[in-house]
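Remarks on the structure that follows.
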Amino acid sequence: MQLPAALVKVQVLAGILSVVAVSGCARQTHAPGASATESAAIATRIRAEFVHAWEGYKRGAWGHDELLPLSGTPHDWYGHETLYMTPVDALDTMLIMGMNDEAEKTKAFLVDHLSFDRDISVKNFEITIRILGGLLSAYQMTGDLRFLGLAEDLGKRLLPVFDSPTGMPYVYVNLRTGKTSGSVSNPAEICTLLLEFGTLAKLTKNDGFYDRPKTALLELYRRRASTGLVGDGIDVETGEWTNRTSHVGGGIDSYYEYLLKCEKLFGDEDCGRMWREGVAAVNAYLADDEPTGLWYGEADMDTGRRTATTYGSLHAFFPAVLALSGDLGRARRLQESSFRMWTLHGIEPETLDYRAMKVASAGYELRPEIIESAYYLHHYTNDPRYLEMGRTIFGDLVRNCRTENGYTVLKSVVTKEIGDAMPSYFFAETLKYLYLLFAPESLDFDSVVFNTEAHPLRRTW
Ligand code: DMJ
C-alpha cells in the first residue's frame, strides 16, 4: 500500500528526530564507550540528510548553480550561464562522507562540463571561496590534475581584479574579458582570497598568484585605525573608508579568519603578526561582557566607542577562529552565547540585539558558522557539550527547514515561515561540519586548513 506523501514525510521526520532525541537522552546513562555508537548513528543520519538534499538538487536543478527547494526549480547566479556552484561546493563533502560513487559521477560531470570562458561578470570573493576553493580541495583529495587545470584557468581569469590603483581587488570581473567593476568593497571580500590563490601559487609554482592577494591584504591592513580596528566599507580606488563601523560579522568576518589561517597554511609571519594585532583590538573594543554572556558587538573604528549591540549567525564563526588560535576561554564563552542565540527561538536569527535579547533580523539562511565552531571546540576540548549543541541544531534544522526537495531557508525564525533557497554552502559547510562533529575520524583535522567555505586545503608543497 502506498502512503500519502505528507504521511511519509511525517514518518521520515519522526525517524530522524527520534535518533537525535534518543541519543540526546542516552548520553547521561550510557557507559563511556556507548557515546561513539551514538555519534556514529547521528553521523549516519546527517549523511542521509545530505543524500536527501543532493537528490532534490539533482531532480530539480541538475546542471545549474542551486535548487529553489520549494518550487523544485533551478536558480543560476548569472542569468543563463552556470558555474555548477552546488556540485563544486558539494564534491569534497561527498568524499568525506564516503559517497564514492556519487562523487565519481559528479567529478566526471564537472571535468567534462565546467568552463570559465564565459561572458559574465562574477563576484570575485564568492567565486574564489566556493569554486576556486572547491576545485583545489577536489584536486588535493582526488589527485585528478584536471581540477588543478580548471583552478589555474579560473585563477588567471580572476587576477584582473587586483588591477586597481591601491592593489585591493575590485568586486566583480568578467571571466571572458577581464573587465572589472565595483570599487566599494570590504575587508572580508578584499582579504578572503589568499588561502585559495596562495594554494594555487604553491601548486602551480607561480608566485604571482600569491603576491597579488597578499599585497591587497597588506594594503587593507595599513589603512586600519589607530585603535587597530578596520571598518566595513572601503573604496579600492581611493583607499578611503566608506563605512567606519567595526565588528566581526559579515563584511569583515573572514578577514580575521584568513590572517590566522594563512599563517597556519603558509607559515606567513606577516599574517601571524597582523592576526595577533588585529585580534587584540577586537578583544579590546568589540568584546562585550553582558549579563547575557560574552558577545562581540559593533564599535566605531576610530574611537572604539560602542555603536551597536548586535551579533548574528555570521559572527558565530568567531569561536572557531579563537579556538584555532588557542584562546579556548573566550571561544567557549562565545559559543555559549551563540547557542543561547540559537535556542532563543529554536533556530538562530540573522542578527540579535544581545543586550535586549531581541531578534533584529529574523531570517535564517541555512548558515554553518555555529556548527563550525562546535566542531572546532569539540576537537580541542573533547567536551560532550558541543555534541549536545550539534544534536539540538541538527534536530532543529530537520524540524524547521526540511522540505520534500531538500532544505530551505527561513524568512523568520520567530514564525518559522519558510523561504525558497538552498545555498551551495549548505552542502559545502553546514552538513560537512555537522557530519565531522559526529564523525571526526573522517578527516585529519590537524593536517588541513579549511577555507571559509569549508574546503579543506593541505600543505602538500
Ligand atoms: C559562506 O559562503 C562562507 O562561510 C562565508 O565566509 C560567509 N557566508 C557563507 C555562509 O554563511
Side-chain angles (χ1 to χ4, degrees), residues 53 65-66 75 77 83-93 122-137 169 171 185-197 213 217 230 232 247-262 296 311-322 324 338 341-342 347-352 361-376 393 397 401 407-410 413 419 421-434 436 448-457:
D65 283 334
E66 289 175 342
H75 163 65
W77 282 32
L83 297 173
Y84 308 117
M85 213 74 79
T86 293
V88 175
D89 245 357
L91 179 56
D92 58 22
T93 306
V122 302
K123 195 161 195 192
N124 176 54
F125 162 76
E126 295 290 357
I127 298 306
T128 299
I129 66 171
R130 297 182 198 222
I131 309 279
L132 188 54
L135 291 172
L136 290 167
S137 76
V171 179
S185 190
N186 59 53
E189 297 191 4
I190 289 168
C191 300
T192 311
L193 307 169
L194 187 52
L195 281 181
E196 298 81 1
F197 278 88
L217 222 173
V230 295
D232 92 350
H247 51 78
V248 295
I252 302 184
D253 44 9
S254 44
Y255 159 63
Y256 291 110
E257 178 185 351
Y258 272 34
L259 290 178
L260 178 64
K261 289 183 173 177
C262 287
Y296 282 68
Y311 181 93
S313 50
L314 285 165
H315 298 66
F317 83 104
F318 206 53
V321 174
L322 289 171
L324 183 66
S338 296
M341 171 171 74
W342 182 280
I347 209 149
E348 67 185 3
E350 188 70 357
T351 51
L352 172 81
S361 170
Y364 172 63
E365 303 287 329
L366 290 176
R367 294 203 189 279
E369 287 78 4
I370 188 173
I371 307 165
E372 171 185 4
S373 289
Y375 169 53
Y376 275 65
I393 291 169
L397 278 175
C401 303
Y407 276 74
T408 195
V409 299
L410 297 184
V413 298
M422 182 164 60
S424 66
Y425 60 70
F426 182 67
F427 294 94
E429 294 190 77
T430 312
L431 292 174
K432 181 188 288 149
Y433 283 131
L434 253 185
L436 286 172
V448 305
V449 170
F450 291 98
N451 87 334
T452 197
E453 191 79 0
H455 296 302
L457 301 173

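Hydrogens, waters and symmetry mates play no part in the numbers below; they use all other heavy atoms, side chains included. Every number for a ligand or one of its atoms is a count from 1 in the order of the listing.
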In chain order, what residues pass the ring pair (Phe, Tyr, Trp, His ring centres under 6.0 Å) check against Y375, with sequence neighbours excluded?
Y433, F445
Applying ring pair (Phe, Tyr, Trp, His ring centres under 6.0 Å), name anything that partners H247, two or more places apart in sequence or on another chain.
none
With sequence neighbours left out, what residues match E66 under salt bridge (Lys or Arg N to Asp or Glu O under 4.0 Å)?
R130
Pocket residues around ligand 1 (non-hydrogen, under 4.0 Å) come out as I129, R130, L314, R367, P368, E369, Y425, E429, T452, E453
Are side-chain N/O atoms of E196 and T128 paired as donor and acceptor at under 3.5 Å?
no
Would E429 and R367 pass as an ion pair if we require N to O under 4.0 Å?
no
Atom of S313, atom of M341 and distance for their closest heavy-atom approach
N-CE, 3.9 Å
